[in-house]
Participant: 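Before anything else, here's the structure in question.
In what follows, every chain begins at residue 1, and chains take the letters A, B, ... in the order their sequences are listed. In what follows, every heavy atom counts, from backbone to side chain, and hydrogens, waters and symmetry copies are set aside.
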Protein chains: 2
Amino acid sequence: MMLASDTRETAAADSGTEDFGPRQADVLEAALTLLVEGGDKGFTTARLARAANCSKESLYKWFGDRSGLLAAMVTYQASKVRVAGSLNARPSAEEFKRQLTDFAHDLLTVLSGPTSLALNRLAIGEAGRTDAQLGHLLTERGRRAIEERAKKLLDTGKRAGLIRFDDREEAFATLYGLIVGDMHVRMLLGETVPALAGDAAISAQAARAIGKFHRLYAAGDDMTTTA
Amino acid sequence: MMLASDTRETAAADSGTEDFGPRQADVLEAALTLLVEGGDKGFTTARLARAANCSKESLYKWFGDRSGLLAAMVTYQASKVRVAGSLNARPSAEEFKRQLTDFAHDLLTVLSGPTSLALNRLAIGEAGRTDAQLGHLLTERGRRAIEERAKKLLDTGKRAGLIRFDDREEAFATLYGLIVGDMHVRMLLGETVPALAGDAAISAQAARAIGKFHRLYAAGDDMTTTA
DNA sequence: CCCGAACCGTACCGTACGGTACTTGTTTGG
DNA sequence: CCAAACAAGTACCGTACGGTACGGTTCGGG
């Protein structure tokens, strides 16, 4: 129910950052819960009003519109998953690999989370019409953070002489592809992916992916250490 | 719900053999067109009836239900993309690489096609509720073919001594991840992915992915050719 | 003590959808 | 040539949604 009222000041990162009073946060929390267990079909203003103990009129006063409400849900959820990886400017090889593996683990955990899946389903469903305003918002708010973290990680590895690449974009794309593969789409389609069932499986998948990435991008020739 | 036991005497109940008389095929074609340019929002029985010059009653008689109609659309579309790669039992290294690249090219072309995107969006939107019957159908009808072709390809390469792997599933997953990455989800979200804009870009992406795959799975030690 | 703002609960409106029923051609086979 | 089947077109029904309006209630400030 309540995550203790956020005393966040200076949350300003780049753009947007409306901080949603505590009442609105509660409503958005209820909205996400409703969306997770009902899909966009089960998510309606009347139901949300009942679930959040507020009136529909207030919903429209606060968020203006249904799409405004959805947008608010996206930014609200994105503001919750702000993760910060501990960075070491000059990591050892093992340390770096560990950081990469942690990144992969976090990425898989986030992507397989029910809230992420529900929001992505919603945005994808809406992407057919209205030119994907919500999809853009989702990629902007959700993916950007991940991409930033990964690229910082890659730069660190390159500076430390541990990995080698020319195109950082391409390296990131490869890393992402190796970690996630088609599992994201399969989960979005409702399948249960065995490689992501439980934390142990996720860790195994992360380790496998990072092993391959290392064999592709390692600066040295220690690629014989494959499991 | 029920598949009606009505006058339908064709035994196409279970799997495969979707013959769909020519009239039904036309209707399904119109349905796909409508879905592509309207999304699931713009796709309604009344609109389809008007677009296909048929009556709603006929729609319900032929497909039983809205979900039945959607399922028919999926299987119909799947029956159209039946691709057959020319297989060579004992290809040379270059020939094999070419086959892999062709596969990657075809995969990217199919995934970025508007019909595929629309159907995937539909199934994903429906996956929130109703336990993803349509999603399963889509993976079964659509992905299976691709997976079969790829695995046959991998086996061929292994038999020819060109690539080496223990787990075929894992090798396929890696191949898929290297080719597609997160571009599928991004397209589903409505983004325009530059790496897939036009056939030349797709070919370049395919070649890049297969290059990496080869560096990971080549049987020889020619992996020193890193760029 | 009162006033006004905020807000909950509910009722309401227009619309649009899925699904059904009926009427009117049009085919088809005996 | 006729009757039975089939299908187009339309009208219709129940429902459910997005969005709005209204009465009652709380709460903080003057």
Participant: Partners of A:Phe213 by ring-ring contact (aromatic ring centres under 6.0 Å, His included), sequence neighbours excluded?
Facilitator: A:Tyr217

Participant: To the nearest Å, give me how far apart NZ (A:Lys61) and C1' (D:dT20) are.
Facilitator: 13 Å

Participant: Grab the N/O contacts between the protein and nucleotides 12-17 of chain C below 3.5 Å, and write none if there aren't any.
Facilitator:
| from | atom 1 | to | atom 2 | distance (Å) |
| --- | --- | --- | --- | --- |
| C:dC17 | OP1 | B:Arg47 | NH2 | 2.9 |

Participant: More 5' along DNA chain C: A:Ala49 or B:Glu57, using each one's nearest nucleotide?
Facilitator: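 Comparing both residues, the 5'-ward one is A:Ala49.
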
Participant: DNA chain D: B:Asn53 or A:Ser67, which has the more 5' nearest nucleotide?
Facilitator: B:Asn53

Participant: Using a strict cut-off of less than 4.0 Å between a Lys/Arg side-chain nitrogen and an Asp/Glu carboxylate oxygen, indicate whether B:Glu57 and B:Lys61 qualify as a salt bridge.
Facilitator: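 Between B:Lys61 and B:Glu57 there is no salt bridge, as every charged N stays at least 4.0 Å from the carboxylate O atoms.
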
Participant: At under 4.0 Å, does any side-chain N or O of B:Ser58 touch on OP1 or OP2 of D:dA8?
Facilitator: yes

Participant: Please report the distance, rounded to the nearest Å, between CG in A:Leu59 and C1' in C:dA6.
Facilitator: 14 Å

Participant: Nearest whole angstrom, please: distance from the P of D:dG18 to the CZ of A:Phe63.
Facilitator: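 To the nearest whole Å, that distance equals 15 Å.
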
Participant: Once you round it to whole Å, what is the distance between P of C:dA21 and OH of B:Tyr60?
Facilitator: 13 Å

Participant: If I take atom CZ in residue A:Arg50 and atom C1' in nucleotide C:dT10, what distance separates them, rounded to the nearest angstrom?
Facilitator: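 Atom-to-atom, A:Arg50 to C:dT10, this comes out as 9 Å.
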
Participant: Find the distance A:Leu69:CG to D:dG19:P and express it as a whole number of Å.
Facilitator: 10 Å

Participant: Got a donor-acceptor contact below 3.5 angstrom from the B:Ser55 side chain to the B:Ser58 backbone?
Facilitator: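 Checked: pair present.
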
Participant: Kindly say whether B:Ala49 contributes a backbone atom to a donor-acceptor pair with the side chain of B:Lys56 at under 3.5 angstrom?
Facilitator: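 No.
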
Participant: Quick one: is A:Trp62 getting a side-chain N or O under 4.0 Å of the C:dA6 phosphate, OP1 or OP2?
Facilitator: no

Participant: Grab the CZ-P distance between B:Arg23 and C:dT26 for me, whole Å please.
Facilitator: 15 Å

Participant: Report the distance from atom CD of A:Gln24 to atom P of C:dA6, rounded to the nearest whole Å.
Facilitator: 12 Å

Participant: For residues 129-137 of chain A, which side-chain N or O atoms pair as donor and acceptor with protein atoms under 3.5 Å away, sequence neighbours left out?
Facilitator:
| from | atom 1 | to | atom 2 | distance (Å) |
| --- | --- | --- | --- | --- |
| A:Thr130 | OG1 | A:Glu126 | O | 3.4 |
| A:His136 | ND1 | A:Ala132 | O | 2.9 |

Participant: Can you confirm whether A:Leu175 sits close enough to A:Ile210 that some side-chain heavy atom of one is under 4.5 Å from a side-chain heavy atom of the other?
Facilitator: yes

Participant: Side chain of A:Ser116, backbone of A:Ser112: donor and acceptor closer than 3.5 Å?
Facilitator: no

